[in-house]
Amino acid sequence: MNPPDFEALAPLYALDALDGEDLALFNEELKRSETLRALVTEYRTAATAIPLSLAPVAPSPALKARVLDAVAPAKPRSAPIFTRVFWAAAAVFLFSLVFLAIRKPDEMHRVTVNGMPDYKNVQGEAMVRGRGVELLVAGLPKLPEGKCYQLWHIGDDKKPVGQSTFHLDPSGMLHGSDALKNPVAKDHLFAITMEPDRGSKAPTSAILAVGKY
Amino acid sequence: MTLTADRVDETALVDQIARGDSTALRALYDRCAARAMAVARRILSDHQEAEEVVQETFVQVWRQANRFDAERGSPAAWVATIARSRAIDRLRARDSSERVRIAARLEDPADAQTSPAAGEIAEARELRVRVDAALRALPLEQRRTLELAYFEGLSQTQIAQRLGEPLGTVKTRVRLGMNKLRQALPVLSGETH
């Protein structure tokens, strides 16, 4: 059997498309031949051009925060995730106790706020009394510059009504109060999105967390 | 800013990332995420899954920045290559019926993404148009063969089976297509972005 034409196989190798005996023989030759290695590098460079023909696709604004959040635990000063979740849960619990201590039980409704599937670490509560709402949520991604979190109240008409905007406190918690524009009724929803600073008239990003009254 | 200057800046960013500078990661993300997203979405045809790939890609960049070799290509090409590899891993994990559906979408000319993208800098747009023109100048069967290898991660044998062509024909198409691409884009050897 004649040896393969390695130069002819180099483009396939550069595309990771070589297989079987061709691949085994090519790998052997590659160890021996500097010329072949240089040729593969040239073809690999050409291959990297293929995706350049694609128009860029903007990821959602929240993705950048998720990426930065994902690498944050690797930094020396970051607390381990279980520690942060523990303190977040403890803060929610203490907040509930304080709130219960100063409110009559029949005047207050507690709404559990949970993260959407992409934000499973998000947890918190909205304490609703009349039109007043106290919000405490942990586990939200750090905000990019120029962004804020905005609370939305979604009533019977399913139309989100923008409420106040919030930033995370130094411990990474969203903590604040608001006066709802509309009365709350059964099955109404609270939602949190990431918006440009000062908020939006309508949500411009996906919902990160939601709670049902 | 020229493409070469961009490349130098990006290489410096990767150096900073290797030293644990998350601000540099943020800057590299701003430059490269949309390209990585385009690659992942093209391969997976699923926006949400593509975002997961982009997230994994940049976490890998963060962890492996010290392994980046500037002599083997630009940081942008490195990021796109990681995104491609991770997206193809996911694609391979899908069942065969799903892959056929994806393949049908890739073959649909309407799926081609050649319109100008908002926010894309002029130099990058110029390069994209140039590469797109070089790819479109290839005979359709050569271009299709390259795309099956690059965007679906198929081996030469799998491509031959998919297209119902002899293995030798596939090898020839890849060789001719890649040679034409290499000749049409000499600038890429120094400035692939």
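Note on naming: letters A, B, ... go to the chains in the order of the sequence lines (proteins, then strands), and numbering restarts at 1 for each one.
- Nearest heavy-atom pair, F151(B) versus P51(A), reported as atom, atom and distance to 0.1 Å: CZ-CA, 4.3 Å.
- The contact between D30(B) and chain A is made entirely by side chain atoms (from C-beta outward), counting heavy-atom distances below 4.5 Å.
- Interface remark: of the candidates S155(B), A83(B), A50(B), S155(B) forms the most heavy-atom pairs closer than 4.5 Å to chain A.
- In plain terms, the two heavy atoms of S53(A) and L135(B) that are nearest each other are OG-CD1, 3.4 Å.
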message = Let's go through L52(A) and R35(B) carefully: what are the C-alpha distance in whole Å and the side-chain angles of both, what is the deciding distance for side chain to side chain contact (heavy atoms under 4.5 Å, CB included) to 0.1 Å, and is it a yes or a no?
response = CA-CA 8 Å; L52(A) 299 183; R35(B) 181 77 63 201; 3.8 Å; yes
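- Highest contact tally toward chain B, considering only R66(A), E42(A), K64(A), is held by K64(A) [criterion: heavy-atom pairs under 4.5 Å].
- Across A14(A), A17(A), G20(A), the residue that shares the most heavy-atom pairs under 4.5 angstrom with chain B is A17(A).
- Around atom CZ of R67(B), no more than 12 heavy atoms belonging to other residues, nucleotides or ligands sit under 6.0 Å away.
- At distances below 3.5 Å, not a single donor-acceptor pair connects side-chain atoms of Q156(B) with backbone N or O atoms of L12(A).
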query = When you look at Q48(B) and D118(A), which way does the side chain to side chain contact (heavy atoms under 4.5 Å, CB included) test go after all the steps?
reply = CA-CA 10 Å; Q48(B) 185 173 344; D118(A) 282 349; 3.6 Å; yes
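- Contact of A58(A) with chain B is made through the backbone alone, with heavy-atom distances under 4.5 Å.
- The shortest heavy-atom contact between P59(A) and A34(B) is CD-CA, 4.3 Å.
- Across E56(B), R63(B), H47(B), R26(B), the residue that shares the most heavy-atom pairs under 4.5 angstrom with chain A is R26(B).
- Contact detail for E51(B) and L63(A): the closest heavy-atom pair is O-CD1, 3.6 Å.
- With chain B as partner, the option from P144(A), A47(A), S60(A) having the largest number of non-hydrogen pairs under 4.5 angstrom is S60(A).
- Neither the backbone nor the side chain of L23(A) comes within contact range of chain B, judged by heavy atoms closer than 4.5 Å.
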inquiry  = Let's go through K171(B) and D22(A) carefully: what are the C-alpha distance in whole Å and the side-chain angles of both, what is the deciding distance for side chain to side chain contact (heavy atoms under 4.5 Å, CB included) to 0.1 Å, and is it a yes or a no?
reply    = CA-CA 11 Å; K171(B) 289 179 176 178; D22(A) 282 343; 2.7 Å; yes
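- Note that OG1 of T157(B) and CG of L18(A) are 9.0 Å apart. Values are rounded to the nearest 0.5 Å.
- Between D16(A) and R84(B) there is a salt bridge, since a side-chain N of the basic residue sits under 4.0 Å from a carboxylate O of the acidic one.
- L68(A) CG to T23(B) OG1: the interatomic distance, rounded to the nearest 0.5 Å, is 9.0 Å.
- Just one of V67(A), V71(A), D69(A) meets the side chain to side chain contact (heavy atoms under 4.5 Å, CB included) condition when paired with Q55(B); it is V67(A).
- Two residues are said to be in side-chain contact when any heavy atoms from C-beta on lie closer than 4.5 Å; R41(B) and L54(A) fail this criterion.
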